[in-house]
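Remarks on the structure that follows.
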Amino acid sequence: MSPEERAFQERVDRNEKIEPKEWMPEGYRKTLIRQIGQHAHSEIVGQLPEANWITRAPTLERKAILLAKVQDEAGHGLYLYSAAETLGISRDQLTEKLLSGDMKYSSIFNYPTLTWADMGAVGWLVDGAAIMNQVPLQRTSYGPYSRAMIRICKEESFHQRQGYAVMMKMAQGTPEQKEMAQDALNRFWFPALMMFGPSDKDSVHSAQSMAWKIKMNTNDELRQKFVDETVPQAEFLGLTVPDETLRWNEEKGGYDFAEPDWAEFFEVIKGNGPCNEERLGARREAWDNGAWFREGLTAYADKAAARRAASNMAAE
Amino acid sequence: MSPEERAFQERVDRNEKIEPKEWMPEGYRKTLIRQIGQHAHSEIVGQLPEANWITRAPTLERKAILLAKVQDEAGHGLYLYSAAETLGISRDQLTEKLLSGDMKYSSIFNYPTLTWADMGAVGWLVDGAAIMNQVPLQRTSYGPYSRAMIRICKEESFHQRQGYAVMMKMAQGTPEQKEMAQDALNRFWFPALMMFGPSDKDSVHSAQSMAWKIKMNTNDELRQKFVDETVPQAEFLGLTVPDETLRWNEEKGGYDFAEPDWAEFFEVIKGNGPCNEERLGARREAWDNGAWFREGLTAYADKAAARRAASNMAAE
Amino acid sequence: KPAFFDWLCRMGDNSLILGHRISEWCGHGPALEEDIAQANTALDLIGQTQMWLGLAAEVEDAGRSADDLAYLRDAMKFRNLKLLELPNGDLAVTLMRQFLFDAFHFELLTALCRSSSPRVAEIAAKALKEVSYHLERSSDLVVRLGDGTEESHARMQAALDKVWPYTGEMFAADGVDEAVAKAGIAPELSELLPLWQRTVAQVLSEATLSQPDRDFAAQKGGKQGRHTEHLGYILAEMQFLQRAYPGASW
Amino acid sequence: KPAFFDWLCRMGDNSLILGHRISEWCGHGPALEEDIAQANTALDLIGQTQMWLGLAAEVEDAGRSADDLAYLRDAMKFRNLKLLELPNGDLAVTLMRQFLFDAFHFELLTALCRSSSPRVAEIAAKALKEVSYHLERSSDLVVRLGDGTEESHARMQAALDKVWPYTGEMFAADGVDEAVAKAGIAPELSELLPLWQRTVAQVLSEATLSQPDRDFAAQKGGKQGRHTEHLGYILAEMQFLQRAYPGASW
């Protein structure tokens, strides 16, 4: 470790925040770019499964809530891209990496939203799992990232409560609604568990990220915490977690539960999930179809600047 | 009149059929191309208002009937383009004239189909009016046209009965269905009357066309006949024809009725109807998007012909 | 009263259908800021729908709710302008439609703040704040894209030409409009026309776009329930859950 | 019996959903002959739907009709292959999907002519006549367009790559398939696979197209009611009138 690196690590250990213009190890910068970028991309792609139900939301109130949520997600994307930009990479560069498949987004968004109950399940389970990841990251060592996380967590926990409320309505509704709610839980349970990443024993880079306080907990810790919090919520809804092996373990003070199908996980990561092509296709199309729009705005800005310059010149 | 023209007119007067390779006046040929072409285009564009409800047909039976009808219309288009081709103009040339706006189609198809009852009204009134025009044309002087008309009339009258049956179901259905039926009649009544063309006093070219037996009756004759047949059908359905001036005229043995709004008629012809842009746009898009398909088939046919020629050569 | 109800449905259906169309862009916009702004506009419009249709339901006093009006009427009973149900097309069509409607909506709501109905005036005042921002944004984008690249100019001009014949319906008063104007609930639509024309002329000129040489009132009927073929598809999608699961609570 | 019902729904839903998708082309085809052929195929498929769902309704014996099954089930209860609900895309996607399904459908119906259920055998025999023609037409078009211009070749190859991962579901037997196979009602799906592969290999080779190097069974779930996001939109449109006017007669 070089003296600079040692000094850096000591600052991290003292819980000092690292700010954009300060020295940082290349690996720290790169890992952060990857992590924040992935998180930003997830917010953007994550709009799609929910946008899928906006035009079909069953009441005006639910439509408004869903619209507000999708809008928040775009906002989160914006904060996070801005945080990433402080590390020396532009939003357009990050977008191109997303669209080329170079950077990933959370694989949960490669699953389809098939019924209205999925708007509940996504809020409850997916946002729930995301929060579990994000709450500790409010204390992450990189200042802009930490501040973005603080703003985001506030909104996410609101989303999670709204999702749970939808789930409650469905679970307490007609038999068909209850069936949809159970089916949504069946479909999203394991993909939600996958959101914490592979088991610790298969997880690379973790130790360094934890030393740098980019990662605050291990994947398995967070997964356990999620299961422990979520199972009672499912019971309260009167729904059954689709895991026959699930039982309370008095000794460890937590649930024993089945691992997700990691083969499926890696297939989805590789691009063979149910919606990978739709999701990336939708984003590519949005980007390509929007080129004239972005170019138009840029051209206008250039012209306007030139006009201002000319009129300043004339005024002098 | 030249001797050829005189001989030609005498054949027409004797009800002889004129066949493709026989001599005919240029005006006769041109008028026929325009008339048959317009008729063909009407069949093609006429698919669109009905295709609009195929995916929303309320029962499997109704869906099948509607599909069969739209298929028939494409078939009629095919017969008519073939008849026009015997006059020395290709289907592609005619299509280009349609898409460029050079040739027209029946202006009735520039009105939208807004409810399922419109599937009834279109069959009953639009096909009804079409038949009124077409039945006499079975006796038209040009052989291929006359034969096409005979085939078409058989199917059209079937369509008209099916349309009337849909109307009957709606008129005898729930109050909402009856309301839709009445509304469809309200919207299609005057446009259907317009299908016979402007009043005789404003109609150009008619005398020559009638002498040539390209046109068999005047516009007003056919319109009167249509009203006289249709009004009792409307009464039988329990629906009200949207014409307060409508009343039986004992003396002439037919109904007195209001003229359609000819200003609207000419606006629609000019391109300002409710759906002109949608209809022509849909056909242009179909044509443009289909270019690769048509070119692919042509290229294959050329290759296959070349291969056959080569293998014949080798075999010799 | 039936005229008042009908007129309130026009107000509510306009915001509902335009909100629906804009919301189709969610997640598919050309830039993040644009995504956010579109979602925000849609959100405002759905909020306004709740207020207008809520009041319509009260006025009707037949036990229907705003949701019932939104989700259980078929196309013939919808009273929105045809302009607002047109497909989104490229973003140019969406933005041009938005601008042309915003410019009208802004004048209408401004006038409605002086409505003889305090309830109408109250809703209008709330909505006006939002719509002022919509107009600011859409006119700004029309200017910037009109005077942007050659392509963005061409797209904006084509969009303008396309939607222009649908704008006249905003000012075409019928019996319902006359009745509410007479009652002092709403302004005479003809009074709004010169205001709208001034805004439109100014923005288009700054945007280097030409006002189309076409009848701006060729397309009408939406306010009386005679729509384009597009509305039926919108409603099939929008109303699916309420239709498929009648009486369920969401 | 529940397995038989479920299996009949699979047969009927396949033809219903594919018929629906094809019918979207009506009036929008690239050439008149193609318009007619597409409408005809759609018509055949809707006719087959009436027979399969009609029998399903009889077997279920719960007072539901074929129309009830078609128009009053939501997506979770639909049993069609995911392949068939994919959007039409360009005509290349439509035709490639049609060919890959026709090749399977043909073998399946051929085997079903020997079904232990006389009703099934009877329907299969009727449908087979139509489907033989569908296969003839679609394989012919795949060959001609694959070996046509550079563009038509590229489009057909892209279409093949796109839909390929959805084809494996046709052969993925689950409990329902096993139950009906055991009862002699339907063949083992695994027996059909080599027949399908042979047809596909032959046609693709003649079409100068390459079989994709992708898992052909990556996409599954439709037969168990886990569909793509597209099906919900299809049903919203298809079922609108029955949902909006319950109990009406058409």
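Every value quoted in this text rests on a predicted model; they were computed, and no experiment measured them. Every chain is numbered from 1 and lettered A, B, ... according to where its sequence line falls, protein lines coming before strand lines.
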*Gly290(B) to Pro30(D) - nearest heavy-atom pair and separation*: CA-CB, 3.4 Å
*Atom pair CD1 (Ile54(B)) and OG (Ser23(D)), whose distance is rounded to the nearest 0.5 Å*: 5.5 Å
*Contact class of Gln47(B) relative to chain D, heavy atoms under 4.5 angstrom*: side chain
*Using non-hydrogen atoms only, which part of Glu73(B) is less than 4.5 Å away from chain D: side chain, backbone, both, or neither?*
neither
*asked:* For Ala92(D), which atoms come within 4.5 Å of any heavy atom of chain B: side chain, backbone, both, or neither?
replied: both
*Can you tell which part of Leu45(D) gets under 4.5 Å to a heavy atom of chain B, answering side chain, backbone, both or neither?*
neither
_Under 4.5 Å from a heavy atom of chain B, the part of Glu150(D) involved_ = neither
*Please assess Tyr300(B) against Asp140(D) for the test side chain to side chain contact (heavy atoms under 4.5 Å, CB included), listing each intermediate value before the final yes or no.*
CA-CA 11 Å; Tyr300(B) 179 84; Asp140(D) 178 56; 5.8 Å; no
*Which bit of Leu78(B) is near chain D, if near means a heavy-atom gap under 4.5 Å: side chain, backbone, both or neither?*
both
_chain B interface, residue from Asp147(D), Asp35(D), Leu43(D) that has the most non-hydrogen pairs under 4.5 Å_ = Asp147(D)
_Side chain / backbone / both / neither for Ile44(B) at chain D, heavy atoms under 4.5 Å_ = side chain
*Name the region of Phe240(D), side chain, backbone, both or neither, that has any atom closer than 4.5 Å to a heavy atom of chain B.*
neither
*If you round to the nearest 0.5 Å, how far is NE2 of His28(D) from CD of Glu285(B)?*
8.5 Å
*Arg284(B), CZ: over 12 other non-hydrogen atoms inside 6.0 angstrom*: yes
*Above 12 or not: heavy atoms from other molecules or residues under 6.0 Å from CD of Gln233(B)?*
yes
*With a cut-off of 6.0 Å (strictly less than), are more than 12 heavy atoms of other residues, nucleotides or ligands near NZ of Lys162(D)?*
no
*Is it true that a side-chain atom of Arg144(D) and a backbone atom of Ala299(B) form a donor plus acceptor pair closer than 3.5 Å?*
no
*When rounded to the nearest 0.5 angstrom, what distance separates SG in Cys26(D) from CD in Glu50(B)?*
10.5 Å
*If you round to the nearest 0.5 Å, how far is CD1 of Ile46(D) from CG of Leu66(B)?*
11.0 Å
*Structural part of Glu237(D) lying under 4.5 Å from a heavy atom of chain B*: both
*What part of Met167(B) gets closer than 4.5 Å to chain D, counting heavy atoms only: side chain, backbone, both or neither?*
neither
*Contact part of Leu141(D) toward chain B, heavy-atom cut-off under 4.5 Å: side chain, backbone, both or neither?*
side chain
*Toward chain D, the part of Arg294(B) with a non-hydrogen atom under 4.5 Å*: side chain
*Given a strict heavy-atom distance threshold of 4.5 Å, which part of Thr55(B) is in contact with chain D: side chain, backbone, both, or neither?*
both
*Which answer fits Val70(B), side chain, backbone, both or neither, if we ask what part of it has an atom under 4.5 Å from a heavy atom of chain D?*
side chain
*asked:* Heavy-atom pairs under 4.5 Å with chain B - which of Ala248(D), Ala42(D), Ser249(D) has more of them than the others?
replied: Ser249(D)
*Going through the distances and angles, do Tyr245(D) and Met180(B) end up as a side chain to side chain contact (heavy atoms under 4.5 Å, CB included)?*
CA-CA 12 Å; Tyr245(D) 302 98; Met180(B) 287 187 227; 3.2 Å; yes
*Drop me the distance from His20(D)'s NE2 to Arg56(B)'s CZ, to the nearest 0.5 angstrom.*
10.0 Å
*Option that, when pairs with chain D are counted at under 4.5 Å, heavy atom only, ranks first among Gly46(B), Ala304(B), Pro58(B)*: Pro58(B)
*Answer yes or no: is there a donor N or O on one side and an acceptor on the other, between the side chain of Asp67(D) and the main chain of Leu60(B), under 3.5 Å?*
yes
*Looking at NZ of Lys63(B) and OG1 of Thr49(D), how far apart are the two atoms once the value is rounded to the nearest 0.5 Å?*
9.0 Å
*When heavy-atom pairs shorter than 4.5 Å are enumerated against chain B, which of His153(D), Gln239(D), Glu33(D) gives the highest number?*
Glu33(D)
*Looking at Glu295(B) and Arg155(D), does any basic side-chain N land under 4.0 Å from a carboxylate oxygen?*
no
*Nearest heavy-atom neighbours spanning Ala39(D) and Gln71(B)*: CB-CB, 3.8 Å
*Give, as side chain, backbone, both or neither, the part of Ala70(D) having an atom under 4.5 angstrom from any heavy atom of chain B.*
side chain
*Check the pair Trp292(B) / Thr149(D) against side chain to side chain contact (heavy atoms under 4.5 Å, CB included), numbers first and verdict last.*
CA-CA 8 Å; Trp292(B) 72 269; Thr149(D) 60; 5.7 Å; no
